[in-house]
Q: 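Got a structure for you, questions after.
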Amino acid sequence: MKVDALCFVPVCRSVGFGDIDTDWSRYKHAPMPAFFYEIFEARVGRLPTADDISRFHQHFMTLLVEAFQGASVCGYA
């Protein structure tokens with residue numbers, strides 16, 4: 001699994017979306033940002049606001065930077 005996919009799941013969990021299906025072929029849209037929109041709408045019943053997207057994106061980017069700096073890959077040792 002690629003680093004971005006490894007980081008995506010923990011970020012979803014951090015905003016309250018557990019049990020994310022990681023078979024990315026099952027989602028209607030790609031790439032990763034579209035997955036967030038689809039998951040958010042299915043769980044919350046509305047599209048994410050700019051603030052929702054910003055919080056998700058900031059956390060996602062933090063995990064990616066940490067992964068590329070040699071820390072554990074998004075919580076996975």
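When a residue number appears, it is its place in the shown sequence, counting from 1.
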Q: Under the side chain to side chain donor-acceptor pair (under 3.5 Å) rule, collect the residues that match up with Asp51, sequence neighbours excluded.
A: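 Here no residue qualifies.
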Q: Who pairs with Arg55 by side chain to side chain donor-acceptor pair (under 3.5 Å), at least two apart in sequence or on another chain?
A: Asp52
Q: Roughly how far apart are His57 NE2 and Leu64 CG, rounded to 0.5 Å?
A: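 His57 atom NE2 to Leu64 atom CG measures 8.5 Å (nearest 0.5 Å).
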Q: Check the hydrophobic clustering (I, L, V, M, F, W, Y; side-chain heavy atoms under 4.5 Å; chains of links allowed) and say if Val9 and Val65 are grouped together.
A: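 No; Val65 is not reachable from Val9 via cluster members.
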Q: To the nearest 0.5 Å, what is the distance between CD1 on Ile39 and CZ on Phe35?
A: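 That separation rounds to 8.0 Å.
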Q: Look at the side chain of Arg13 and the backbone N and O of Ile20, then say whether any donor-acceptor pair between them is shorter than 3.5 Å.
A: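 Not at all, since once roles are kept as given, no pair shorter than 3.5 Å links the two residues.
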Q: Keeping Thr62 on the side-chain end and Gln58 on the backbone end, is there a donor-acceptor pair under 3.5 Å?
A: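 Indeed, once roles are kept as given, a pair shorter than 3.5 Å links the two residues.
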Q: Give me the atom names and distance for the closest heavy-atom approach of Tyr37 to Ile53.
A: OH-CD1, 3.0 Å
Q: Any side-chain heavy-atom pair from Val11 and Phe56 closer than 4.5 angstrom?
A: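 The answer is yes, as the side chains (C-beta and beyond) meet within the 4.5 Å cut-off.
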Q: Tell me whether the rings of Phe36 and Phe17 are parallel (<30°), tilted (30 to 60°) or perpendicular (>60°).
A: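 Aromatic pair Phe36/Phe17 classed tilted.
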Q: Might you point out which heavy atoms bring Asp19 and Arg43 nearest each other, and give the distance in Å?
A: O-NH2, 3.3 Å
